[in-house]
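Encoded as structure tokens, the structure appears first; notes follow it.
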Amino acid sequence: MDMNDILNQWDAYQANKIKKQKESGKNTVSHKKANAPTAEEKARAEERDFEAKIQAQNSRKINPMEAWLRLYGTIDKDKLAEETEEKSKLSDRNYLISMKPEASIDLHGLHQDQAEKKLSYFITDCKRRGIRKILIIHGKGIHTTGSDPVLGELVRKFIEADKRCGMSGHPKTKQEGGNGATWVILK
């Protein structure tokens with residue numbers, strides 16, 4: 001027997017072996033690396049690592065000052081003083097009167113019912129946004145027939161009836177609106 005015959009027998013043997021594997025449905029080839037851990041071994045190793053981390057954290061000593069700060073926190077005295085000053089300003093009547101309006105609405109050209117709805121929505125929105133002083137521009141009533149301006153009277157009655165509205169008045173200068181506008185401090 002020469003080397004060629006031996007190689008032919010080997011090829012036949014391998015082909016026969018593969019044919020039997022296909023018929024039986026088993027695959028004898030393992031794709032696992034040699035000495036690789038199984039899924040159970042991996043889970044046990046991760047559990048041991050986790051326990052070791054917890055023990056390391058528990059055994060670590062902490063600075064007493066750091067422990068106190070974690071428990072009670074810190075207080076920013078400057079920020080606290082600024083907030084107190086801002087609250088006192090907003091409660092000071094003269095400051096609120098002298099401050100510029102933070103929002104304004106123009107009711108020119110609207111009918112009474114439209115103006116009242118728009119004014120109600122505007123005040124609701126301003127309260128939601130935390131605005132303290134608003135300006136309502138209603139006009140002087142130059143085009144109104146009769147003696148009193150229609151929208152000016154409507155705004156005055158609305159302010160008196162609405163509990164969200166506090167002190168009110170007219171701007172001092174013509175540039176700010178004069179008698180054709182009303183500022184209101186919201187509660």
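The first residue of the sequence shown is numbered 1, and numbering continues consecutively from there.
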Contact between [X] and [Y] at the side-chain level, heavy atoms closer than 4.5 Å - yes or no?
| X | Y | value |
| --- | --- | --- |
| L107 | I137 | no |
| L119 | I105 | yes |
| N16 | K20 | yes |
| V184 | C165 | yes |
| I185 | S168 | no |
| I136 | W183 | no |

For this session: For side-chain hydrogen bond (donor to acceptor under 3.5 Å, both in side chains), just list the numbers for D106 and H108, CA-CA rounded to whole Å, side-chain angles, deciding distance to a tenth of an Å, and then say yes or no.
Result: CA-CA 6 Å; D106 191 351; H108 279 109; 2.6 Å; yes
For this session: Test D2 against I6 for side-chain contact (heavy atoms from CB on, under 4.5 Å), laying out the working first.
Result: CA-CA 7 Å; D2 65 347; I6 294 173; over 6 Å; no
For this session: Indicate, with yes or no, if I18 and Y13 share a hydrophobic cluster defined by side-chain heavy-atom contacts under 4.5 Å among Ile, Leu, Val, Met, Phe, Trp and Tyr.
Result: no
For this session: Report, as yes or no, whether the 6.0 Å neighbourhood of atom CD1 on I54 holds more than 12 heavy atoms from other residues, nucleotides or ligands.
Result: yes
Problem set entry | Euclidean distance, Q14 CD relative to K17 NZ, rounded to 0.5 Å | 5.5 Å
Problem set entry | Q114 CD to L151 CG distance, which is reported to the nearest 0.5 Å | 10.0 Å
Does a salt bridge link [X] with [Y], judged by any charged N lying under 4.0 Å from a carboxylate O?
| X | Y | answer |
| --- | --- | --- |
| E46 | K42 | no |
| E153 | R156 | yes |
| R129 | D125 | yes |

For this session: Quick one: do T182 and L135 satisfy side-chain contact (heavy atoms from CB on, under 4.5 Å)? Show the steps, please.
Result: CA-CA 6 Å; T182 303; L135 181 68; 6.0 Å; no
For this session: Evaluate the side-chain contact (heavy atoms from CB on, under 4.5 Å) criterion for residues E116 and L154: first the C-alpha distance (whole Å), next the side-chain angles of each, then the deciding distance (0.1 Å), finally the verdict.
Result: CA-CA 8 Å; E116 191 171 7; L154 171 87; 4.2 Å; yes
Seminar exercise, completed: Shortest non-hydrogen pair, M99 vs K133, comes out as O-NZ, 2.7 Å
